[in-house]
Every structure is written in C-alpha cells, then in structure tokens.
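Quick notes on the structure that follows.
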Amino acid sequence: MSKIPCEMIQDLLPSYIDELTSDVTNREVKMHLRECEQCKHVFEQMKTQDMEVAEKEKKEIDFLKKTKKRHQKHIILCAAIVWAIAVMVFCARYYLAGQYMNTDYLAYNLDVSDAELSVAVNTTSEQGIQKIDISEAEGVVEISVRCVPKSFFYKTTAKQTYVASEKIRQVWIGDRIIWANGEAISPLTSALYAVYNPYIGNMPSNGKIVNALNMTAYTGGFTNELQTSEEPYVWKMIFENDFSSDRQEAFEERLKMYAYIFLAQIENLNEVVFEYKIDGKTKTLSVTSSDASEFAGVEIKSVGTDINLLEALVRKTELSNVVFGGASVETNAQVDFSNRDQTKEVLEFTVVNYADDAVYGILIDVECENISAHQSMCEADNRALQSGQNVSFQLIPEDFAKEIQDGSKATIRLRVMDSDGNMDEVQGEVYADLFWGNKYKLNLTGNSDEGYFLGQ
C-alpha cells in the first residue's frame, strides 16, 4: 500500500485531474487510488464535477458564439437596410424630385405682357426638366427650374405660362434678374447689380465687381492703391503686364469701359486711374465721374441702383456677355442684337478679337436646327487679325441649302487659324434665333496656349 497519507493524495487530486503533476507523483497517486476506496471515491466525485463544469463552460461559450453571430447578422442587416434607405432617398431625390438647376446651365426665351408671362427653358447640360416652379410677390416673379437626369419622360426643353395677380415688374430665374420693366436684362448686368458697393474702401466688394466683369482675363493681374482720406476718392490700378503698342488703342478703350462700370457701381468713387506699360513705357489713364456721366448720358451715380439704367450702360460699353434683341437669349457668349441692318436679306456676324494674340484666319459655322447647315470661311483678308481688331461675315439666303425663316434657331461656332495654318477649335458656342437684317457680335478671348473661348 502507498505510504503517502490520504490527505496529501486528496490535495494532489485537482492537479492530477488537470494533468499538472509529474510522472513520479502520477505513479504514487494511481497506486494509492487502486488501494484506497475512500480516495478513489473522492477522485470520482472531483472528476465528475470537473466534467460538469467543463460542459457548462462549453455550453456558455457556444451560447456566446451563437449570440455574437446573431448580433453580427443583425448589425449587417441593419447596415444593409440603412444603405438601401439612403440609396432610395438619393434616387428619389435625384431621379424623381430632382434639384434646382444653376442658371448658368439654362438658356431661355421670355415673353412678358402686363401680368402674363410665357417662358421656354432649355438646359445646356445632360439634365431633363422635371418642373418649372413660378412664384410672385409684389410684381416680382421668380422662376426656378427643377431638373433630373434626362430620359424619355424628362426632356431638356420645357415651356410654361403664368398669370400674375398684378402687373409684372421683374422676372428672376434662380438668383439672376432676366427682365425688368419691359426690358431684358443680361447676366452681366444682373451680376453687377447684385454687388453694388456704397464705399470704395471696401476692397472685397470692389473685387466682386472686378470678378463680375471678368476683367483680369483681359488685363491680367494688378495691384491697388486707394485714396480715401479726402475727396475726390480715387481707385488706382497698377497692371503687371507689359502691353504691345499695336494693342494700345483697343486696350485703353476697354479700360475706359471698365472705369465707367466701376464709377456706376461704387457709390462714393470719384475717379479711376489705370497705370500700365506699353512696350516698357509707363502710361496712365484717368476716368472721372463726369467722364462716365457724359458717356452714359445720365448722372452716373444714379445708374448703379437702377437695373434698367445699368443695363443701358452695360450695353453701351459692349462688355455684356449677352445683349438682347428680337426674341433670342444666350447665356454663354457675347451676342449683339441691338442693331438692325436695313438690308433684310443679310445676316452679319462681327467677330472681335479680344484674344491675347493675333489669329490668321477665322472659320464661322452657322448651323440651323432641322435645316441644312452652312459653313463659311474667312481668313481676315489673309492678314493677321490683331487683338482689338474685328472681322465681319455676311451670309445671304443662297449660302444655305434650304430657306431660313426669321426666328430659326441656330448654333454658331468658331475655329481660328494660327500663323502655321493650324486650325484650333474655339470653346463655347452661341445659340441664337436668326432674323434677316440682324447684326450679331461675337467676342473671341483666350490664347493659343490655353485655348480660345467664345464669350467672356
């Protein structure tokens, strides 16, 4: 019989069951259990309890695993539901409810008579018109165009009529005034009207006027000097670029036009001074409020807060990116419908070169909707068309494959030729209603390195 007392054996049993004892101890315990019924009984009880605990722990672990998997499934399911709802909301908003279209991507024709309004809208993007919302307050009508992706149900064109409760004074599309007191308002006029500045010392507001004019695209960068300690209040602009003498006359004339706008739109500005270099020589040009009033034909300080007077000034400067006439509207190019030729059988297109460099040829393409297109080419009399110069094209009915009726819709595009004879596409295009006898003015900007643009 084992010489180890039962108490010691029973103390060793937990470690023995867990297989933590040495081989020598294991032999002594086994020998003792074969010979001692009491210790053997304790061993069996311990072993049974240990198995029950292990089984309970296993069941608990299995339960925790199942619970964890169930929670993971719930989390995945919830995430999928949230994602599906988000997709449905997006699709409903994007494809059904739509979103209001920025006015820059809209072309429109508007007819207003007292309290009645008719508007035809065309999107210049790949969006279809879902709805035209019209509201009014105190004679001001606001038009909002809600768009969705173009489809069989939603086209890029739409028309709507509206009868106001009183005589219409103004019409807005989005954040832009497009008509006021019987007169169409250009986008440039609307943009300038929105940034009227009462104080010359507010340079951020002055900068908004410069941006509305897109002046630096023509002049390049400049620094500012203000004289606001006493009247006359003066804004001096010092240009960084050195300009060619070939361009001087056109450049100085353009600066005067900018100055007239600044003097109208900045209430207490009395004088604008430009400092610039012509072939390395410093020049200055000064324009006063009196000069601006003489040009405008009215007191210049009455112009900035009167949308119609401002429109007249903008048209006279020919800085507008849209000038209206007849029934045509265009949002991204300079078109002048204000002059009518007495010869009804001629369409005249004048292209003004505001680009940074000369061009040696211009190709104009006039394409009428649903009518055979005609393409005409002129190489500026085989000479370079310098910056500030212009060239005119005259088209007669025989230039078109079919008869062109007054009011026919047309798309006008340009290409320009460089000194090597290479043709460059001009970015942008003009949409117009053609009327025989009208004169159309197109502005060419940009350069050969960065590309040419039709309009501002």
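Numbering of residues begins at 1 and proceeds along the displayed sequence.
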Practice item. Verify side chain to side chain contact (heavy atoms under 4.5 Å, CB included) between V346 and W436, making sure each step is shown before the conclusion. Key: CA-CA 6 Å; V346 173; W436 292 103; 5.5 Å; no

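- Taking CG from L269 and OG from S289, the interatomic distance works out to 6.5 Å, rounded to the nearest 0.5 Å.
- In terms of modelled atom types and a separation under 3.5 Å, the side chain of N241 and the main chain of F243 share no donor-acceptor contact.
- A 4.5 Å side-chain heavy-atom check between E225 and I238 finds at least one atom pair inside the cut-off.
- Looking at heavy atoms from C-beta onward, Y276 lies in side-chain contact with F251 at the 4.5 angstrom threshold.
- For the pair T317 and V314, the tightest heavy-atom approach, listed with the atom from each and the gap, is OG1-O, 2.8 Å.
- Taking the side chain as every heavy atom from C-beta outward, T350 and L442 never approach each other to under 4.5 Å.
- Looking at E166, its side chain never comes within 3.5 Å of a backbone N or O of I168 through a donor-acceptor pair.
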Practice item. Under the side-chain hydrogen bond (donor to acceptor under 3.5 Å, both in side chains) rule, what do E116 and T161 come out as? Steps first, then yes or no, please. Key: CA-CA 7 Å; E116 296 184 7; T161 58; over 6 Å; no

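- With hydrogens and angles left out, the side-chain atoms of Q405 and E403 include a donor and acceptor closer than 3.5 Å.
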Check your understanding: Should V119 and Y162 be marked as a side chain to side chain contact (heavy atoms under 4.5 Å, CB included) after you check the CA-CA gap, both sets of side-chain angles, and the distance that decides it?
Key -> CA-CA 9 Å; V119 63; Y162 181 79; over 6 Å; no

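- Contact check for S244 versus D279: side-chain heavy atoms found under the 4.5 Å cut-off.
- Between the Q265 side chain and the L192 main chain, a donor and an acceptor come within less than 3.5 Å of each other.
- Distance check: E142 CD to I173 CD1 gives 11.5 Å after rounding to the nearest 0.5 Å.
- Contacts of D133 classified as salt bridge (charged side-chain N to carboxylate O under 4.0 Å, His left out), with partners at least two apart in sequence or in another chain: K131.
- Aromatic rings from Y258 and F274 are positioned such that their centres are separated by 6.0 Å or more.
- In this view, Y218 and Y354 satisfy the ring-ring contact (aromatic ring centres under 6.0 Å, His included) rule, not counting sequence neighbours.
- Atom CD1 of I143 sits about 12.5 Å away from atom CZ of R176, to the nearest 0.5 Å.
- Annotation: the span from F262 atom CZ to W235 atom CH2 amounts to 4.5 Å, rounded to 0.5 Å.
- Here the shortest heavy-atom pairing between V366 and A410 reads CG1-CB, 4.2 Å.
- The side-chain heavy atoms of I266 and I209, taken from C-beta on, include a pair separated by under 4.5 Å.
- Counting heavy atoms from C-beta outward, K277 and K283 have side chains that stay 4.5 Å or more apart.
- For E294, the CD atom sits in a loose shell: 12 or fewer heavy atoms of surrounding residues, nucleotides or ligands are nearer than 6.0 Å.
- When the shell of 6.0 Å around CD of E249 is examined, it contains 12 or fewer heavy atoms from other residues, nucleotides or ligands.
- For D242 (side chain) and G280 (main-chain N/O), a donor-acceptor pair under 3.5 Å exists by modelled atom type.
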Review point. Between S286 and E271, is a side chain to side chain contact (heavy atoms under 4.5 Å, CB included) present by the stated rule, with each step listed?
Key: CA-CA 7 Å; S286 174; E271 183 179 359; 2.4 Å; yes

Review point. Stepwise, does the side chain to side chain contact (heavy atoms under 4.5 Å, CB included) test hold for L414 with I362?
Key: CA-CA 7 Å; L414 293 183; I362 295 180; 4.0 Å; yes

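- Between F393 and F349, the gap from one ring centroid to the other reaches at least 6.0 Å.
- With E253 contributing its side chain and K256 its backbone, the two residues share no donor-acceptor pair below 3.5 Å.
- Between T189 and S186, the side chains place a donor N or O and an acceptor N or O closer than 3.5 Å (distance only, hydrogens not considered).
- For the atom pair CG (N308) and CG (N181), the distance works out to 4.5 Å, reported to the nearest 0.5 Å.
- Of all non-hydrogen atoms in I307 and A180, the two that sit nearest each other are CG2-CB, 3.7 Å.
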Check your understanding: Where do Q227 and S229 land on the side-chain hydrogen bond (donor to acceptor under 3.5 Å, both in side chains) test, with the steps shown first?
Key -> CA-CA 6 Å; Q227 197 295 105; S229 58; 2.6 Å; yes

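- Of all non-hydrogen atoms in Q160 and I134, the two that sit nearest each other are NE2-CD1, 3.9 Å.
- In this structure the side chain of V171 reaches within 4.5 angstrom of the side chain of L117, judged on heavy atoms.
- Under a 3.5 Å cut-off, the side chain of R169 and the backbone N or O of E138 do form a donor-acceptor pair.
- How far OH of Y440 is from CD of E348: 11.0 Å, rounded to the nearest 0.5 Å.
- Side chain of D424 to backbone of R415: no donor-acceptor contact under 3.5 angstrom is found.
- For the pair D175 and S190, the tightest heavy-atom approach, listed with the atom from each and the gap, is O-OG, 4.3 Å.
- Annotation: K316, atom NZ; neighbour count of heavy atoms from other residues, nucleotides and ligands within 6.0 Å is above 12.
- Residues M203 and L226 are in side-chain contact: their nearest non-hydrogen atoms beyond the backbone lie under 4.5 Å apart.
- Between L313 and Y260, the closest heavy-atom pair is CD2-O, 4.0 Å.
- Under a 4.0 Å N-O distance rule, the pair E275/K236 qualifies as a salt bridge.
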Point to revise | E311/R315 under salt bridge (charged side-chain N to carboxylate O under 4.0 Å, His left out): CA gap, chis, key distance, verdict | key: CA-CA 6 Å; E311 174 64 25; R315 292 191 187 193; 2.8 Å; yes

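- For the pair D291 (side chain) and T288 (backbone), a donor-acceptor distance under 3.5 Å is present.
- Side chain of K301 to backbone of E267: a donor-acceptor contact under 3.5 angstrom is found.
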